[in-house]
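The basis for the numbers below is simple: all heavy atoms, side chains too, and nothing from hydrogens, waters or symmetry mates.
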Amino acid sequence: MSEDLTGVLQWAQSTIRREIEPSAEDIDAHLAPMAHMSAADALALHRQQHAAQFLGSMMSQFPHVLRFTGEVTFAGLVGQYLRDHPLRSYTPNHLKSGLPAALRAMPPFPGQAFVADLAALEVAASLVSWARVEKVLTLEQVEGQAWEEQWLVPIKASAALGFTYDVTGFVRSKGAVDHEFWTRPAPNWLLLYRPVLTLYENAIAEEEFRLLRAVFQGTPVALTPDPDWAREQVAGCIKAGLFARMVPIKT
């Protein structure tokens, strides 16, 4: 491929993905007009097709967000996200994980905090469902060992999430959308994991969530504020199959 052709293709890709905004002269210099369409109109058409492809992909990846907001609002939010975060490849997969934070940072819209929470849940559920199955640590394996002083490594098919709204209740509901879900805040803490190819959802207390998040991030049980209580809680998680192995803490 010649250097000139490579440069034209790179320019076209960057322009279609809205990484650059070319002038009319720049468009005419890189693209030849078609029989029934100017170069500028052809570029606009390619951009519309690219945006439609991205929107369709996001609709399939965030079905609960789509259901709550409706197609028109969802398309507007995704369009804003695409303008703020131009695609760097032909597939939008790398943008999926950034949608929750982007939704929280957008100008205010109805149900914003709930929609961002719901998007975070869908991202986590997707990652958990695709994670490979691992052998898990058992209570029998740690019996007689000082596991409370070691780093417990969580299985990859796990995600601890904290919400302000009853996200689980909404996802499980099959009736009409109830907007009370985002007008009536209620703390809701979730732990998602997949012990045997099955997505499991569990509501836990806030203090339990804070403990698990600390342990998941590498804090030994012995260093938590209440080690005796923490030992009991984490032992239950080991029994449930949330940890893959334990690793000695190097000093």
Side-chain angles (χ1 to χ4, degrees), residues 61-64 93 96-101 104 113-114 116-173 181 185-251:
Q61 295 183 51
F62 294 94
H64 294 294
N93 294 336
K96 178 179 179 180
S97 60
L99 182 61
R104 294 188 180 96
F114 176 78
D117 279 352
L118 192 55
L121 174 59
E122 297 207 77
V123 170
S126 175
L127 294 176
V128 168
S129 65
W130 283 101
R132 65 182 178 85
V133 177
E134 298 177 272
K135 290 185 177 180
V136 298
L137 193 65
T138 66
L139 283 175
E140 290 75 17
Q141 291 174 320
V142 302
E143 187 176 0
Q145 302 185 50
W147 62 266
E148 301 91 341
E149 300 176 5
Q150 302 190 52
W151 175 31
L152 293 171
V153 181
I155 62 172
K156 291 184 174 62
S158 63
L161 305 171
F163 300 109
T164 307
Y165 302 89
D166 185 10
V167 179
T168 307
F170 177 79
V171 171
R172 289 175 179 170
S173 69
F181 277 106
N188 189 48
W189 305 86
L190 294 180
L191 180 67
L192 304 180
Y193 68 103
R194 190 189 63 178
V196 188
L197 295 175
T198 303
L199 183 65
Y200 178 75
E201 300 177 11
N202 184 33
I204 61 178
E206 179 176 351
E207 56 186 3
E208 294 173 321
F209 174 81
R210 295 183 187 279
L211 166 66
L212 288 176
R213 183 168 56 184
V215 174
F216 272 33
Q217 293 174 347
T219 301
V221 171
L223 298 183
T224 56
D226 189 347
D228 291 336
W229 174 79
R231 185 185 191 283
E232 181 180 348
Q233 300 298 317
V234 177
C237 292
I238 294 175
K239 186 176 180 180
L242 284 179
F243 296 100
R245 60 188 185 279
M246 61 182 186
V247 179
I249 303 295
K250 295 181 179 181
T251 57

Response to the item:
Heavy-atom closest pair (Met246 atom, Val142 atom, distance to 0.1 Å) is SD-CG1, 3.8 Å
Fill in: Note, Leu192 side chain near Leu121 side chain (heavy atom, < 4.5 Å)
yes
Worksheet item: Within a reach of under 6.0 Å around CZ of Arg245, are more than 12 heavy atoms found that belong to other residues, nucleotides or ligands?
Response: no
Practice prompt. Kindly indicate whether the side chain of Pro100, heavy atoms from C-beta on, has any atom under 4.5 Å from the side chain of Glu122.
Written response: no
Worksheet item: Is the shortest heavy-atom distance from the side chain of Trp147 to the side chain of Leu152 under 4.5 Å?
Response: yes
Response to the item:
To the nearest 0.5 Å, atom CZ of Phe243 lies from atom OG1 of Thr138 at 13.5 Å
Discussion item. On a heavy-atom basis, which atom in Leu212 and which in Cys237 lie closest, and how many Å separate them?
Written reply: CD2-SG, 3.3 Å
Worksheet item: Can you check whether Glu208's main-chain N or O pairs, donor with acceptor, with Gln233's side chain at less than 3.5 Å?
Response: no
Discussion item. Tell me the closest heavy-atom pair linking Val123 and Lys96, and the distance in Å.
Written reply: CG2-O, 3.7 Å
Worksheet item: Looking only at heavy atoms, which two atoms of Gly241 and Ile155 are closest? And how far apart?
Response: O-CD1, 3.6 Å
Practice prompt. Give the minimum heavy-atom separation between Glu148 and Gln145, together with the two atoms involved.
Written response: OE1-O, 4.0 Å
Worksheet item: If we only count heavy atoms from C-beta on, is the Lys156 to Arg132 side-chain gap below 4.5 Å?
Response: yes
Response to the item:
Between the CG atom in Leu223 and the CD atom in Glu149, the distance rounded to the nearest 0.5 Å is 8.5 Å
Fill in: Taking every non-hydrogen atom, the tightest pair across Trp189 and Gly162
CE3-CA, 3.4 Å
Practice prompt. For Ser158 and Leu242, indicate whether the former's side chain and the latter's backbone hold a donor-acceptor pair under 3.5 Å.
Written response: no
Worksheet item: Going through the distances and angles, do Arg213 and Leu161 end up as a side chain to side chain contact (heavy atoms under 4.5 Å, CB included)?
Response: CA-CA 9 Å; Arg213 183 168 56 184; Leu161 305 171; over 6 Å; no
